[in-house]
Amino acid sequence: MYEDSKGRYWVSVADGVGRLDPKTGKVMEMLSERHPELKTFRLVHALCPLGNDCFVAVGDNGLFYYDAEHDRVWIPDAKKDKFYKAGIKYFGFLKDVRGLEWFATEDGIRVWNRKNDRLYQLTTVEGLPNNAVSSLLEDDEGIVWASTLNGICKITLQTDEKGDYTFSIVNFSVSDGLQSGIFYTHAALKARNGILYFGGAHGFNYFDPKNMMYDDYASRPILTGLTIFNTPVNVNTEYNGRLILKETLNRTREIVLRHNENFITLEFSGLNYANPSHTYYKYRLQNFDEGWVESNATSLGRAVYTGLRPGKYKFEVYAANGDKIWCKEPARLTIVVKPPFWATYYAMAFYILAFGGLVFYFFRLYIRKEKAKMVEERKENARKQQENLEQMKLRFFTNISHEFRTPLTLILTPLGSLIRQQGDNELKQKLTVIYRNAEKLLKLVNQLLDFRKLEMQGERLSLTMGDMVQFVNEACEAFRELTTERGIDLVYEERTEHLYMYYDHDKVYKIVNNLLSNAVKFTSSGGKIVVGVESMLRGGKNYAVISVRDTGCGMDEKDLGRIFTRFYQAENGKKGESGSGIGLHLVKGYVDLHGGEIAVDSHLGDGSTFTVYLPADLQGEEHDASHQEEVTADLKEEEADDKEEGTDGRKKILIVEDNTEFRTFLAGELRTDFDVIEAGDGIQGEEQVLAEYPDLIISDLMMPRRNGIEFCQRMKSDIHTSHIPFILLTAKMSEDSRIESYQAGADSYISKPFNFELLWVRINKLIEQREKRKETFHKTIEITPSSITTTSLDEEFVKKALGCVERNMDNPDYSLEDLSSELGLSKTHLNRKLAAIINMKPLQFIRSVRLKRAAQLLVGSQYNVNEIADMVGFNTLKYFNRYFKEEFGMTPTQYREKNKNV
């Protein structure tokens, strides 16, 4: 029952909590009627006052708070409120003078401190006589008394250094004067005079906490027994062959154990003769226990420790009497666990020395290794320096060789023209000798460049299908005239009729050419050279075998292992003849590129035989055509096409070359057919292009300030100049240089030295192709930008221009200014660009697109002529008919009639 400040009585009945009318003795109303959430609280054990007209109702389903003044209900949530635990029975509630809230439950006491949001739980582990707590009372001293199913306990609170509460519990039972049996739930009362009443199964007990007498004496405990691995250790009795206790344990200050005697039990007694069943102990083993372990026992206490590591420990134990008064001094025992011999200080010292020795050994080993490494690095650095020196020499000779190619071009190109124009046979023969020796010099230069490229791993195979037999035979025929002049018999032995396989034609030609050159060089007049090609199965693999045998001076056997080394020159019996030491090195490199082998058999004075084995199963692609094949195809195409240039006047050509002599020569040769302008480098060339807008550009690749690649990229990436054909001339013959040139946008790539007729034909071909693309726009109805342009930039330009006109097809007011604005070009540049691509002015272009769309509509739709004229942007039918007739040579009606069945 609970009475609030207004005199209303709240009672717990069978169906929950309701308000009682004391006059009639009837329950007037139930809280669950106004608060449906309380319908589950049908059995409430107690109504505990909380202050301010509030009470706590505790029962089997938990608890709830009720504010009688404001008629408000609050049910704790186990997920949000830490103090509340769902699923257990609550028997009582107490709010003490400290503000702590105590909850008596079937699972111990829960103490909630709202100030710091801290929950304490007290169970039999902490010292309660039983976990089922029946009632809670607080005496005048702030001590909490709790009745349980097994006696009454006193709970004293203290605060530690951190401000947290600690709880000291003293239990009372039948031996202390209490009745036997259980104490009933919520059967407790604190009278006004401070006496506490607790009701139980055999009546009730009451006492005044202020008048209770406590035993203030607590004796110092004694150690009574030692057990190792459950075996008692007795005084003056050996254990494991040795004496551990020489006197009683209580008088022993220290015991020494072995490392394998680390499972021990210590027994101790508190000497509580007055109430031995209420003896409390707290003990710890320093260096093992983290804190004090507290327990109670009937008389003897026990501490068990397992797995003690080697070391020194100190055991301490305090005892307390029935009123939990602790003794002042503990009982102490030092326990020493000896380490095994492998963990002793001597063993550690040995380990340290051994480790130090190993460290010193490995350090010496490391120093020795580092010294050896330094020696190797010095050797490697010396080798690299020597290699760099050789590379510098090679680069020097390579650069000189590149410089040779331009003067040789100036010699060979005009000389070839003079030979063709010369009618005097004697003079022509002399010029031919000059031409042949210039070609020989060019061959030597090319050989040096090939050697440099091979050294830099820049050579790659370009495999094409061919007849190896015919190829080698033709290579031999090139030497026929030379061998005849020297009186040497050159014989080609036809060992097989055909041998088709993939090989790099250029590199195989150089292999055969070098071997034949050496054979001719070291064979005297009257000698013989035999060349043969055959197929051979070697090691389960097919090979093409090329052999070159001569009857020359031969070589000493000691030189055979080094003749393929670069710059090595073997001594031979033919005076005045020596090589550069490059040719056979190149041959070996090219054979290795094919994955083949080369062998030599030679004897001094008996001639030499070189045998080359090339795999016959190499794979290539037929469409990989060499540069020479492209040039040949272009020449044949040009020879078959005799069409002369149109009547648009002479074309303008820009020559960009840093070599003044070569530039002057080219300009003089081309001026007979073209208007020529000149520039000394890429920067001057760009200035000339923007000033003159030539019809074609010829540029050298290697130039100061701006080279040909950069110049070409700038021209091809500028919308104003991207349509101009571009020819690159260079002394570089590598595939990489050709690829780089075409990636830059070049339309053609010609290596120096070159035949002037080839350049002339290539110029005319590019100009003619440009004119044909212009005609394509005029002749076709369907406009395809890719068919009238050569670069992606020009194609995008034409697409954009067509799109602008298409979007404004039905707008008769669409003008040149509108098209120029949409394309982002001035009228002058737009005029020049369209003239260069399709040979039309911008207005002509707009009109032509409209008329082509009209022609498509005449054939593909049912619209009449007037409707179509309006759809393509013509204001009057008169002008539409006139321009349509100019474009297609017939009227719109005639055009529809002619193409209606097409």
Less than 6.0 Å separating the ring centroids of His505 and Phe471? yes
Any sub-3.5 Å donor-acceptor pair from Lys507's side-chain atoms to Val587's backbone N or O? no
Run the ring-ring contact (aromatic ring centres under 6.0 Å, His included) test against Phe610 and tell me which residues pass, sequence neighbours left out. none
Excluding sequence neighbours, so at least two apart, what forms salt bridge (Lys or Arg N to Asp or Glu O under 4.0 Å) with Glu485? Arg436
Can you check whether Val508's main-chain N or O pairs, donor with acceptor, with His594's side chain at less than 3.5 Å? no
Could you work out, with side chain to side chain contact (heavy atoms under 4.5 Å, CB included) as the rule, every residue matching Glu474, not counting sequence neighbours? Gln470
Between atom OH of Tyr503 and atom CD1 of Ile511, what is the distance when rounded to the nearest 0.5 Å? 11.5 Å
Sequence neighbours left out, what passes salt bridge (Lys or Arg N to Asp or Glu O under 4.0 Å) with Asp658? Give chain and number order. none
Can you name the closest pair of heavy atoms from Asp700 and Leu729 and give their distance? OD1-O, 2.8 Å
Results of side chain to side chain donor-acceptor pair (under 3.5 Å) for Glu710 - residues two or more places apart only: none
Nearest non-hydrogen partners of Leu728 and Ala746, listed with the distance: CD1-CB, 4.0 Å
So, using side chain to side chain donor-acceptor pair (under 3.5 Å) as the criterion, who are the partners of Glu686 when residues are at least two apart? Arg706, Arg714
Nearest heavy-atom approach of Leu499 to Ala544 is CD2-CB, 3.5 Å
Using the test side chain to side chain donor-acceptor pair (under 3.5 Å), find all partners of Glu817 that sit at least two apart in sequence or belong to another chain. Ser815, Lys827
Restricting to non-hydrogen atoms, name the atom on Leu482 and the atom on Val520 that form the minimum distance, rounded to 0.1 Å. CD2-CG1, 4.0 Å
Between CG of Asp747 and CD1 of Ile763, what distance do you get to the nearest 0.5 Å? 12.5 Å
Residues in side chain to side chain contact (heavy atoms under 4.5 Å, CB included) contact with Ala519, at least two apart in sequence or another chain: Ile529, Val548, Asp550
Applying side chain to side chain contact (heavy atoms under 4.5 Å, CB included), name anything that partners Tyr492, two or more places apart in sequence or on another chain. Val469, Val472, Asn473, Cys476, Glu494, Val531, Val533
Side chain to side chain donor-acceptor pair (under 3.5 Å) partners for Gln713, two or more places apart: none
Any side-chain to backbone donor/acceptor pair from Arg705 onto Gly682? Under 3.5 Å, distance only. no
Indicate the atoms forming the closest heavy-atom contact of Glu678 with Gln688, along with that distance. O-NE2, 3.2 Å
Go through the structure and list residues passing side chain to side chain contact (heavy atoms under 4.5 Å, CB included) with Thr660, not counting sequence neighbours. Arg663, Thr664
Identify whether the distance between the nearest side-chain nitrogen and carboxylate oxygen of Arg650 and Asp695 falls below 4.0 Å. no
Which residues pass the ring-ring contact (aromatic ring centres under 6.0 Å, His included) test with Tyr543, sequence neighbours left out? none
